[in-house]
Amino acid sequence: MCGIVGYIGSKNAVEVILAGLHRLEYRGYDSAGVAVVRDGNLEWVKSLGKLTALDKKLEEKPLNGPLGIGHTRWATHGVPSETNSHPHFDMQMEIAVVHNGIIENYQELREQLQKEGVTFRSQTDTETIAHLVRKYYKGDLFRAVQRALQDVTGAYAIGVVCKHNPDVLVAARHGSPLIVGLGDQEGFIASDVPAIMKYTRKVLYLDNGQVCEIRRDGYRVEDIQGKPVTLTLQHVDWDDAAAEKEGYPHFMLKEINQQPDVIRNTLRGRVEEGSDQVILRDMNISEEELKAFEKIVIVACGTAWHAGMVGKYLIEKFARTPVELDLASEYRYRDPIVPKNTLMIPVSQSGETADTLEAIRIAKKRGAKVASIVNVVGSSVARESHGVIYQQAGPEIGVASTKAYTSQCTAFALFAIWLAETRGLMSKSQAKELIAYLREIPEKIQWVLDNQEDIVRCAKDPKYLEAESALYLGRSFNFPSALEGALKLKEISYIHAEGYAAGEMKHGPIALVTDKLPVVCIAVQGDTYDKMVSNIQEIRARKGIVLTVATLGDEDIRAHSHDIFYVPPCYEPFSPIVVAVPLQLFAYYVAANRGCDVDQPRNLAKSVTVE
Ligand code: G6P
């Protein structure tokens with residue numbers, strides 16, 4: 001998830017672009033760059049690190065011109081570095097491209113272009129677009145971009161300029177957001193409205209597969225095949241404060257709502273078109289190694305550890321390989337046994353958690369192969385691991401992890417399928433079926449997001465809002481959901497909450513059940529449904545307040561529950577990815593209604609970089 005800004009007009013494009021990029025820095029911040037066209041030249045400045053580093057460089061080497069594009073990067077392919085930062089160029093350095101998204105067939109395109117004599121400078125997927133545009137460029141930048149995009153599969157929002165076309169800014173999108181702003185004899189492009197709110201409120205929302213040519217005196221939009229499109233100009237009336245959060249009151253709520261796209265992005269490029277074969281190249285694990293692992297160790301902290309538990313259940317179910325799950329802080333201090341042929345999978349959103357890093361070092365010293373699941377590209381966990389699955393979830397700003405969790409579970413699902421297929425434990429048709437289930441998850445999450453009335457209502461209900469304590473129960477695949485649901489409530493609303501394996505209820509927690517104790521029971525359809533119903537009855541018999549997460553269409557459960565949050569029917573092993581969402585929303589609304597600082601809960605840090 002990167003930020004793009006572009007400008008054409010009579011102002012200094014660099015000033016407009018920098019001001020806009022600063023408003024988009026929440027979208028990514030590992031490197032930044034800007035390119036302008038002036039007097040038939042294309043000039044640029046790039047810098048590693050936060051935008052302030054680019055500001056500083058531009059103070060030393062001022063740039064200006066009436067046409068330009070800029071970018072703040074959140075790496076998906078290639079580590080954060082100056083070379084990998086945008087804009088990217090064709091070989092002649094005449095065409096510049098900024099891009100947000102993931103080009104799924106970039107390897108293929110790269111090899112093809114290399115055969116045609118192209119030399120690449122970076123490891124990014126974006127650079128392929130610059131070379132493709134050059135390949136088709138015959139003086140008309142708009143047409144060249146259109147043609148280039150016909151070769152591309154994946155998600156993109158791009159801005160393109162060419163030194164031979166000083167009056168044209170070209171933009172296109174598919175799957176990643178991009179807007180066009182229109183002013184008086186000037187035009188803008190941006191990933192998001194706040195970037196250009198200072199200059200204009202007149203906005204065109206480009207749709208998937210559309211390409212726009214912006215000139216000082218007008219614009220045209222066509223699809224990539226060249227069919228003209230008419231878009232309606234919209235007026236934006238957001239206030240400044242709401243803008244970065246795209247109208248949401250908190251980043252946490254925005255991130256919860258991003259999850260359908262996040263899951264799509266985690267899956268993107270990992271399943272071969274046509275064959276439906278899972279490919280996790282960046283894990284750097286050969287087929288022989290994959291077949292030889294005798295033990296897998298998952299280490300993580302906090303929410304990532306809960307995702308690790310989902311991972312353990314998935315790997316053991318599909319790939320029949322023993323998995324040991326450990327808190328990184330425990331692993332590092334307990335003299336762990338690392339037999340030969342051990343694979344360690346650390347899980348970390350930030351990639352900077354101190355305990356997780358130390359666990360990796362210990363496992364490596366003792367001979368394990370380490371392939372991590374990480375969100376932040378180029379982070380310490382990623383660098384110290386032999387391989388990685390990048391989550392492609394975009395920056396997570398709310399301290400309470402939401403989209404990173406569901407994306408980590410999705411990454412584990414992919415890995416488990418890959419492992420099972422490689423070991424001959426899963427047929428192609430079974431894998432295909434599972435991948436189809438995974439692809440349905442974004443819609444199921446969207447359903448939850450579109451049907452939150454019961455969650456909003458319960459979060460205002462004093463029996464939940466004013467509770468001193470809450471219990472969360474789940475079994476099997478949804479035991480980790482209970483742990484994660486309780487953690488969400490506890491960390492942002494400060495209501496004491498415990499997650500328990502429902503089978504353990506009789507071994508202690510049942511003593512706490514009174515008519516003041518809300519018990520959140522995850523009872524979606526699946527192998528353990530009947531057992532969960534028995535637990536619910538036991539709680540009811542002791543007058544506990546039962547809030548059930550159930551499968552849409554399950555009317556019987558009404559008789560046993562005070563309130564119900566429905567989720568669409570879901571293949572049970574993947575249901576934690578969907579079940580997480582109503583629990584996140586519930587915690588969010590309870591915390592917001594209690595007046596808590598949702599995005600920055602007291603005493604918590606987003607990334608725990610000390611022991
Ligand atoms: C902190 C955060 C959690 C996160 C945990 C692990 O406690 O508040 O949201 O799950 O650290 O962080 P990591 O970046 O390693 O996933």
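Indexing begins at 1, ligand by ligand and atom by atom, following the structure's order. It should be emphasised that the depicted structure is a prediction, and the values quoted were computed from it without experimental measurement.
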Mark up the atoms of ligand 1 that fall under 4.0 Å of a heavy atom belonging to [X], in ascending order.
{"X": "Ser348", "value": "13 (P), 14 (O), 15 (O), 16 (O)"}
{"X": "Ser401", "value": "9 (O)"}
{"X": "Val399", "value": "8 (O), 9 (O)"}
{"X": "Ala304", "value": "10 (O), 16 (O)"}

Query raised in the report: Strictly by modelled atom types, are Glu352 and Ser380 linked by a side-chain donor-acceptor pair under 3.5 Å?
Result: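 Side-chain D/A pair, Glu352 to Ser380: present.
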Report task. Kindly determine whether Asp326 and Arg334 satisfy salt bridge (Lys or Arg N to Asp or Glu O under 4.0 Å), including the steps that lead there. Result -> CA-CA 10 Å; Asp326 224 328; Arg334 72 169 173 83; 2.2 Å; yes
Query raised in the report: Would you say Gln349 has any N or O atom under 3.5 Å from an N or O of ligand 1, going by distance alone?
Result: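 Checking ligand 1 against Gln349, an N or O pair does fall under 3.5 Å apart.
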Query raised in the report: Mind checking whether Thr303 has an N or O less than 3.5 Å away from an N or O of ligand 1?
Result: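 Yes: some nitrogen or oxygen of Thr303 is under 3.5 Å from one in ligand 1.
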Requested in this report: Just say parallel, tilted or perpendicular for the rings of Tyr437 and Tyr571, cut-offs at 30° and 60°.
Outcome: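 Tyr437 and Tyr571: parallel rings.
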Query - With Met309, the side-chain contact (heavy atoms from CB on, under 4.5 Å) member among Phe479, Phe477, Phe412 - result: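 The option that passes is Phe479.
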Requested in this report: Going by the side-chain contact (heavy atoms from CB on, under 4.5 Å) test, name the single residue among Asp454, Ile564, Val520, Asp461 that passes it with Leu547.
Outcome: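 Exactly one option meets the side-chain contact (heavy atoms from CB on, under 4.5 Å) with Leu547, and it is Val520.
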